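For reference, the structure I am asking about is given below.
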Amino acid sequence: ALLWVGWFGFNAGSALEANGTAALAMVNTFVATAAAALAWLLAEKVLKGKPSLLGGASGAVAGLVAVTPAAGYAGPAGAICLGIVAGFVCVFFVTTVKNALGYDDSLDVFGIHCVGGILGALATGILVSPSLGGAGIADYLSKPGELVAGEYVMSTQFIAQLKAVLLTLAWSGIGSFILYKIVDAIMGLRVSTEEEREGLDIAEHGERAYNY
């Protein structure tokens with residue numbers, strides 16, 4: 001809930017002024033997040049028989065992550081569609097894909113933030129189209145700062161978004177791998193299985209954080 005409230009400042013505040021773009025970003029941040037949370041709950045209802053509070057919160061975060069690239073460019077209807085898709089896609093990754101690959105991700109950062117971010121970045125190249133209710137893109141060469149609604153080419157923008165996603169994955173992936181190796185060589189990346197079962201409060205700090 002705190003993330004959802006703070007994200008309005010994150011997306012709408014990125015406009016750095018109180019204008020139509022900021023208002024659009026605020027609306028999109030709300031509707032996309034709500035749609036993603038509901039989509040996640042619906043997916044849990046179908047897959048597990050019961051929706052959960054954790055699922056609703058996870059869906060909300062997935063919607064926030066996915067709508068961020070498109071917040072000031074997509075129309076509200078497009079943002080709702082993006083939220084619905086993000087909810088379903090991310091719940092699939094944190095359940096089916098995670099179980100199939102067996103990677104260790106207790107907070108589902110990959111399935112929600114990485115997958116949701118990639119989805120949102122790619123979808124921005126589609127939803128920004130004026131034909132789909134988007135705001136178009138600014139032509140910084142001929143008309144700096146002005147939105148050129150009639151000259152939008154979806155394929156060009158989508159390819160640009162795809163290149164940015166691939167570059168980001170390469171940069172963060174390679175950089176993280178190097179840092180992980182350094183940390184692993186110096187102090188290790190994780191505690192032992194026994195310490196993990198005992199609890200890090202006791203293993204690392206020598207005291208309990210909670211009384212059960």
Side-chain angles (χ1 to χ4, degrees), residues 1-11 13-14 29-30 32-69 71 82-121 165 168-212:
L2 289 173
L3 280 173
W4 197 342
V5 173
W7 223 283
F8 289 114
F10 184 47
N11 283 350
S14 295
T29 300
F30 182 78
T33 306
L38 292 174
W40 192 299
L41 292 174
L42 178 60
E44 280 192 330
K45 175 67 174 178
V46 174
L47 296 174
K48 301 179 180 179
K50 293 181 180 180
S52 67
L53 180 59
L54 177 60
S58 299
V61 175
L64 289 168
V65 172
V67 77
T68 295
L82 175 58
I84 293 173
V85 173
F88 286 131
V89 171
C90 289
V91 76
F92 173 74
F93 267 84
V94 303
T95 55
T96 306
V97 175
K98 179 179 177 180
N99 292 334
L101 298 180
Y103 60 85
D104 187 1
D105 186 7
S106 59
L107 298 180
D108 290 321
V109 176
F110 175 78
I112 294 177
H113 288 270
C114 181
V115 173
I118 291 173
L119 178 64
V165 167
T168 303
L169 288 173
W171 174 264
S172 59
I174 296 173
S176 296
F177 180 79
I178 294 173
L179 292 175
Y180 289 156
K181 286 298 182 182
I182 294 174
V183 173
D184 192 27
I186 296 175
M187 57 183 295
L189 282 176
R190 63 183 306 162
V191 298
S192 65
T193 303
E194 182 180 345
E195 290 178 318
E196 191 172 358
R197 289 174 177 169
E198 184 182 27
L200 297 186
D201 293 320
I202 296 177
E204 294 290 319
H205 305 289
E207 59 185 357
R208 290 189 178 277
Y210 304 97
N211 292 319
Y212 296 102

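Please read all numbers here as calculations on a predicted model, not as lab measurements. Nothing fancy with the numbering, it's 1 onward along the sequence. These values consider heavy atoms only, across backbone and side chains, with no hydrogens, waters or symmetry-generated copies.
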For this session: Using the six-membered ring wherever Trp is involved, compare the ring planes of F110 and Y103 and label them parallel, tilted or perpendicular (cut-offs 30° and 60°).
Result: perpendicular

Exercise. If you look at every heavy atom in L119 and A86, which pair is closest and at what distance?
Worked result: CD2-CA, 3.5 Å

For this session: Please check if the side chain of K98 supplies one atom and the backbone of G111 the other of a donor-acceptor pair under 3.5 Å.
Result: no

For this session: Heavy atoms only: give me the nearest A66-L82 pair and the separation to one decimal.
Result: O-CD2, 3.4 Å

Problem set entry | Distance (rounded to the nearest 0.5 Å) between L53 CG and L41 CG | 9.0 Å

For this session: Find the distance between SG (C114) and CG (D108) and round it off to the nearest 0.5 Å.
Result: 12.5 Å

For this session: Kindly determine whether V67 and F30 satisfy side-chain contact (heavy atoms from CB on, under 4.5 Å), including the steps that lead there.
Result: CA-CA 9 Å; V67 77; F30 182 78; over 6 Å; no

For this session: Please round to the nearest 0.5 Å and tell me the distance separating atom CG of L189 and atom NZ of K181.
Result: 8.0 Å

Problem set entry | Side chain proximity check, W7 to V65, heavy atoms < 4.5 angstrom | yes

Problem set entry | side chain to side chain contact (heavy atoms under 4.5 Å, CB included) partner of I112, the single match among V94, L107, L64 | V94

Exercise. Among K50, E44, K45, which residue meets the side chain to side chain contact (heavy atoms under 4.5 Å, CB included) test with K48?
Worked result: E44

Exercise. Going from CG on L169 to CD1 on I174, what distance comes out if it is rounded to the nearest 0.5 angstrom?
Worked result: 10.5 Å

Problem set entry | Between CG on residue L47 and CH2 on residue W40, distance to nearest 0.5 Å | 11.0 Å

For this session: List the steps, then state whether side-chain contact (heavy atoms from CB on, under 4.5 Å) holds for I202 with R208.
Result: CA-CA 6 Å; I202 296 177; R208 290 189 178 277; 3.6 Å; yes

Problem set entry | Heavy-atom side-chain contact between V115 and F92 under 4.5 Å | no

For this session: Kindly give the heavy-atom pair with the smallest separation between F88 and A39, and that separation in Å.
Result: CE2-O, 3.3 Å

Exercise. Of all heavy-atom pairs between A36 and G63, which one has the smallest distance, and what is that distance?
Worked result: CB-CA, 3.4 Å

Exercise. What are the two closest heavy atoms between T29 and A71, and how far apart are they?
Worked result: OG1-CB, 4.3 Å

Problem set entry | Closest non-hydrogen atom pair between W4 and A60, with its separation | CE3-CB, 4.3 Å

Exercise. How many angstroms lie between CD in E204 and CD in E198, if you round to the nearest 0.5 Å?
Worked result: 10.5 Å

